[in-house]
Amino acid sequence: MINSEHVIVEPFNPSQIDVDISVVNLGYLLDKLQYGEINLQPEFQRASDLWNTTQKSRLIESVLLGLPLPSFYFNEYIDESEKIKKLQVIDGLQRLCALRDFVIEKKLRLTDLQFLQQDYEGKYYDNLTRADLMNIRSLKITINTLRKDTPSKVKYLIFQRVNTAGLPLTSPEMRYALNQGVAIKMLTKMMDLRSFKQATSFYFEKKRRMEDFDYVNRFVAFYRNVFGYTGEMEKFLSDELDAINKNMIDEDMCQLVDVFDKTMKTCYLIWGSDSFRKRTDLNHRRKPLSKAVFEALSVNIAVLTDLKRQLLIKNKTIVTKEMMLLFNNPDFNKSISAGSDKKGMVLKRFEDIKNLLDNILDVC
């Protein structure tokens, strides 16, 4: 079942769906693996090799038996560094890893086979006969490729529809996969900043898949266009990445990375490891990171001048106290809790934190 939060609600032209469906020999995919034209380790696929030796061996056994394999799904994109078309895996990643390990890297030793134990148990790729190798390469498979010109929002929906087995991609992973270009490069620089990892404690805490990307994506989107938010979070975050890819110049991107760095440093100097966490007093144990708090607090500090950020650091005791009072306010607490993606809740927390910071700066 598709989460309604992630369904595309805007109508789109079905003719924009450009999917190439091809029946090819397995050798076609093996050649692409050999020459690095299939990205098996994109950043959004943190866990790219999950099958154990038995699972991989039985996939190879199926190929040797000539059994049909499930369809493979790919997303076509341009590798900017090499200026060539490459494929990202939507569905079929574990099967491709098994084929890579056996055929390309030749490190998989067939183990625990069910039907071909007598002839193939314990063998490597180099132990196979030429007839076996020909049978592997000639196996017919179906590949479905989303062409690069298919609109990102359409690709997102298709990702949701076909990405249902194995280890489905999270929403941030799909955003990352579908918006390759200068936006992803800029956000990757932000994710790698020491200041960001320090303020969020991502140095020390186990992250869910692409969680750090999600935080940075939210900062960039709301910093650029907070009043353009309509209440559809996934659409908003993806649209802002698309807009950066199309319109943002290098100079502006460098400035945005710098502002983000200064913001993270400011937050850490004020709150330390409590940055972006709900803290109602000094006695309770530390709360988890809050995306809602991160959005509103980081953006409101980012729009300040360097002088005003320094004033907040200088008066961090007052800032910390006032933030705790705000966290104890039921209306504000509601805006960062359940239903926090609703437009009214987003604007509420942004306005409340802005007023808090303005009031502190007025008396400093």
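Small disclaimer: the values here were computed from a predicted structure and weren't measured. Note that the numbering runs from 1 along the sequence shown for the chain.
Inter-residue side-chain proximity for Lys343 and Val346 is flagged as unmet; no heavy-atom pair is nearer than 4.5 Å. Using a 4.5 Å heavy-atom cutoff, the side chains of Phe74 and Gln88 are not in contact. Within the 4.5 Å cutoff, the side chain of Phe260 has heavy atoms near those of the Val216 side chain. Residues Arg95 and Pro70 form a side-chain contact, since some pair of their non-hydrogen atoms from C-beta on lies under 4.5 Å apart. Residues Leu139 and Asn135 fail the side-chain proximity criterion, which asks for heavy atoms closer than 4.5 Å. In this structure, the side chains of Lys348 and Asp331 come closer than 4.5 Å at one or more pairs of heavy atoms. Within the 4.5 Å cutoff, the side chain of Leu187 has heavy atoms near those of the Leu241 side chain.
With rounding to the nearest 0.5 angstrom, the NZ atom of Lys265 is 8.0 Å from the CG atom of Leu193. Here the CG atom belonging to Leu26 is positioned 7.0 Å from the CG atom belonging to Leu69, to the nearest 0.5 angstrom. Once rounded to the nearest 0.5 Å, the distance linking CE of Met323 with CD1 of Ile360 reads 9.0 Å. Within the model, atoms CG of Asn39 and CG of Leu96 stand 11.5 Å from one another, a figure rounded to the nearest 0.5 Å.
The side chain to side chain contact (heavy atoms under 4.5 Å, CB included) test with Leu99 is passed by exactly one of Ile104, Leu30, Leu108: Leu30. Partner of Tyr229 under the ring-ring contact (aromatic ring centres under 6.0 Å, His included) criterion, out of Tyr223, Phe350, Phe236: Phe236 alone.
At least one test fails for Arg175 against the ring of Phe213: distance under 6.0 Å to the centre or angle within 45° of the axis. No cation-pi contact links Lys291 to Phe294, judged by a cut-off of 6.0 Å to the six-membered ring centre and 45° from its axis.
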Identify every side-chain donor-acceptor pair in residues 310-319 under 3.5 Å, counting partners at least two apart or on other chains, and give the distances.
{"from": "Asn315", "atom 1": "ND2", "to": "Leu311", "atom 2": "O", "distance (Å)": "2.8"}

Problem - salt bridge (charged side-chain N to carboxylate O under 4.0 Å, His left out) evaluation trace for Lys85 with Glu37 - result: CA-CA 8 Å; Lys85 290 181 183 178; Glu37 295 173 2; over 6 Å; no
Practice task
Quick one: do Asp274 and Lys278 satisfy salt bridge (charged side-chain N to carboxylate O under 4.0 Å, His left out)? Show the steps, please.
Solution key: CA-CA 8 Å; Asp274 269 341; Lys278 180 181 174 181; over 6 Å; no
Problem - Derivation of the side-chain contact (heavy atoms from CB on, under 4.5 Å) call for Leu116 and Glu121 - result: CA-CA 7 Å; Leu116 300 177; Glu121 187 75 19; over 6 Å; no
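Between Glu295 and Arg349, at least one side-chain nitrogen of the basic residue sits less than 4.0 Å from a carboxylate oxygen of the acidic one, meeting the salt-bridge criterion.
A side-chain donor-acceptor contact under 3.5 Å links Asp132 and Tyr120. Side chain to side chain, Ser195 and Asp261 meet the donor-acceptor criterion of an N or O pair below 3.5 Å.
Residues passing the salt bridge (Lys or Arg N to Asp or Glu O under 4.0 Å) test with Glu240, sequence neighbours excluded: Arg224. Under the rule for a side-chain contact (heavy atoms from CB on, under 4.5 Å), the partners of Asp250 that lie at least two apart in sequence or sit in another chain are Met253.
With a 6.0 Å radius and a threshold of 12 heavy atoms from other residues, nucleotides or ligands, Lys189 has its NZ atom at or below the threshold.
Hydrophobic clustering of Ile, Leu, Val, Met, Phe, Trp and Tyr side chains at less than 4.5 Å, counting indirect connections, unites Leu133 with Leu110.
Here Tyr215 and Phe196 keep their ring centres 6.0 angstrom or further from each other.
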